[in-house]
Amino acid sequence: MLQKPRGTRDFLPDEMEARRMIEWSMREVARCWGYREVCTPEFEDLELFTMRSGEGIIEEMYVFSDKGGRKLALRPEITASVIRMYINEAKVAPKPLRWCYFADCFRYERPQKGRYRQFWQFGVELIGADTARADAEVIMLAADMLDSSGVTYDLKVGHLSFMKNLLRDLEPQEQRKVMAHLDKKDFDGLKGTLESLDKPDLDKSLIALVECRDLAEAFDIAGTIPEKDRIYQTLETLDAADVKYSLNFGIARGLDYYTGMVFEGFAQNLGAENQILGGGAYRLAHLFGGDDVASCGFAIGFDRVMVSLGEIPDKKDSVVAVVCTNEGRKLALEVARIFRKAGIQSEMDLMDRGLGAQLAHASKSADFAVVIGLREAESGTVTLKNLHSGEQKTLDPRSAVAEVASHGARR
RNA sequence: GCCAGGGUGGGGUAGUUGGUUAUCCUAGAGGACUGUGGAUCCUCCGACCCGGGUUCGAAUCUCGGCCCUGGCCCCA
């Protein structure tokens with residue numbers, strides 16, 4: 001039997017309903033903050049992603065050539081595409097731009113819990129605002145969105161300027177190496193690297209910074225930082241909005257183009273792959289031939305949120321089974337149409353079953369049965385049966401619709 | 001790419017000194033039952049991940065691959 005490709009998933013209706021529910025709660029939050037949805041191609045020129053992240057990522061992408069010999073890649077993330085789109089289509093749009101997206105991405109990695117080769121991200125990008133309140137807005141939005149999903153998480157906020165200030169004398173490549181050690185809390189490796197760089201005295205302050213959870217203390221450790229006022233303002237805004245976060249100056253985010261504020265979210269009940277959100281302030285547009293516009297954004301790992309949430313109790317609307325005999329079929333079709341026009345899910349037998357068998361099936365798949373046989377066909381009424389209580393009554397079709405509608409969501 | 005544990009009908013399972021037609025539950029279809037269902041009984045449907053090897057004979061032993069689960073690496 002054919003299997004689905006490694007690292008991909010099939011979603012049955014129950015799971016899709018749960019996913020759509022969470023997706024829509026996130027969409028609703030984005031809408032309320034003024035972030036409008038954009039969509040970019042599923043695949044892009046390979047170059048777009050290598051320009052952003054280096055040649056090394058080719059190994060971790062789905063790369064292919066099309067019939068014209070173009071080197072393309074399935075998108076491994078969406079930020080690069082959105083910024084390319086901004087340069088192509090929206091450079092002169094009034095700033096700031098507030099955009100969001102919900103889309104699938106592809107990475108060629110070893111699957112494990114919460115990590116798939118096709119996965120979905122819900123993200124936002126705020127383009128063209130370079131202020132403390134822009135940074136704060138994006139974090140507040142991130143928190144709002146995670147809250148709306150119901151996931152329990154820890155939010156960590158940091159700023160790259162502290163570490164960059166301590167490492168200002170090192171070459172970019174050396175900085176990256178040091179930051180990699182810090183990100184992993186590999187302090188032994190850090191000391192070795194610093195000694196080989198002839199900066200053995202840096203380790204104390206670096207380690208202190210990574211462990212530091214207090215802003216004033218961080219400034220003491222890292223020294224004079226030009227962004228100081230902006231950092232204070234950002235955090236004051238977050239505090240005023242009652243955002244729950246902890247400070248973490250060890251967040252490196254692995255990428256060069258992040259410029260300042262960075263933040264990450266972690267689900268509390270997941271294993272190795274527990275990061276459900278990552279973002280920060282960055283400058284990327286100039287890489288793709290645009291202006292040097294400041295941006296700030298984040299992406300939520302939607303699948304990990306779903307894994308973290310686990311089983312979600314469904315809130316389905318009532319389902320009606322219209323069951324009938326041959327004599328009642330004509331009226332039954334009409335009644336089903338009336339229910340559907342009223343927005344109520346209505347199903348009829350397609351298996352040539354008898355009345356008893358139709359009801360047996362309805363009892364498993366519906367909340368109400370509308371029974372229509374010879375008697376109803378002659379009088380133009382329906383028999384409405386509540387399949388949970390067993391109660392039934394004879395009504396005209398419109399009253400039956402009203403009765404079901406008043407019943408609301410099923411158990 | 002690395003480590004560990006796995007893979008038997010749609011779902012869940014039994015099944016080693018290798019041996020007849022692979023067990024049971026559930027789901028699905030039909031019937032007992034053509035105007036009132038969920039119970040019960042009966043019938044049907046449907047599986048040893050793939051390939052090589054050992055053997056008279058492999059779900060079982062062996063090798064390789066694929067896939068799943070968790071972890072490592074990575075994580076834009």
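Numbered from 1 within each chain, the chains take letters A, B, ... in sequence-line order. The figures here come from the full heavy-atom set of this structure, side chains too, leaving out hydrogens, waters and symmetry mates.
When the P atom is used for both rG6(B) and rC44(B), the distance is 36 Å, rounded to whole Å. Comparing the same atom, C1', in rG65(B) and in rG7(B) gives a spacing of 14 Å after rounding to whole Å.
Salt bridge absent: Lys177(A) and Glu174(A) never bring a charged side-chain N and a carboxylate O closer than 4.0 Å.
Remark: side-chain polar atoms of Arg70(A) are not paired, donor with acceptor, to backbone N or O of Lys67(A) under 3.5 angstrom.
With a 3.5 Å ceiling on both atom-pair distances, the Watson-Crick or G-U wobble partner of rA29(B) is rU43(B). With both pairing distances under 3.5 Å, rU69(B) is matched to rA4(B) as a Watson-Crick or G-U wobble pair. Using N1 to N3 plus N6-O4 or O6-N4 for Watson-Crick, or N1-O2 and O6-N3 for G-U wobble, each under 3.5 Å, rU36(B) pairs with nothing. As the counterpart of rU54(B), no nucleotide is assigned, since no Watson-Crick or G-U wobble pattern has both distances under 3.5 Å. Both distances falling under 3.5 Å, in either a Watson-Crick or a G-U wobble arrangement, occur for no nucleotide opposite rC74(B).
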Tabulate atom names and distances for all N/O pairs under 3.5 angstrom spanning the protein and nucleotides 34-36 of chain B.
unit_1: rG35(B); atom_1: O6; unit_2: Leu374(A); atom_2: N; d: 2.3
unit_1: rG35(B); atom_1: O6; unit_2: Arg375(A); atom_2: N; d: 2.8
unit_1: rG35(B); atom_1: N1; unit_2: Glu376(A); atom_2: OE1; d: 2.8
unit_1: rG35(B); atom_1: N2; unit_2: Arg375(A); atom_2: NH2; d: 3.1
unit_1: rG35(B); atom_1: N2; unit_2: Glu376(A); atom_2: OE2; d: 2.8
unit_1: rG35(B); atom_1: N3; unit_2: Arg375(A); atom_2: NH2; d: 3.3
unit_1: rU36(B); atom_1: O2; unit_2: Lys385(A); atom_2: NZ; d: 3.1
unit_1: rU36(B); atom_1: O2; unit_2: Gln392(A); atom_2: OE1; d: 3.2
unit_1: rU36(B); atom_1: N3; unit_2: Gln392(A); atom_2: OE1; d: 3.2

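The aromatic ring centres of Phe368(A) and His388(A) sit 6.0 Å or more apart.
Among the atoms of the strands shown, none is found under 4.0 Å from any heavy atom of Gly328(A). Nucleic acid contact class of Gly56(A) (heavy atoms, under 4.0 Å, all strands): none. Residue Ala362(A) is out of contact with every strand shown, counting any heavy-atom pair closer than 4.0 Å.
Looking at which nucleotide of RNA chain B each of Arg353(A) and Met61(A) is closest to, the 5′-most match is held by Arg353(A). Both Arg6(A) and Phe106(A) lie near RNA chain B, and the one whose nearest nucleotide falls closer to the 5' end is Arg6(A).
One can place CZ of Phe298(A) at 22 Å from P of rC75(B), the figure rounded to the nearest angstrom. When rounded to the nearest whole Å, the span between CD of Gln121(A) and P of rC75(B) equals 15 Å.
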>> Show, in sequence, the C-alpha distance, side-chain angles and deciding distance for Glu376(A) and Thr383(A), and conclude whether the side-chain hydrogen bond (donor to acceptor under 3.5 Å, both in side chains) test is met.
In response: CA-CA 7 Å; Glu376(A) 288 83 0; Thr383(A) 299; 2.5 Å; yes

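Contact check, Arg110(A) against rC75(B): no side-chain N or O comes under 4.0 Å of OP1 or OP2.
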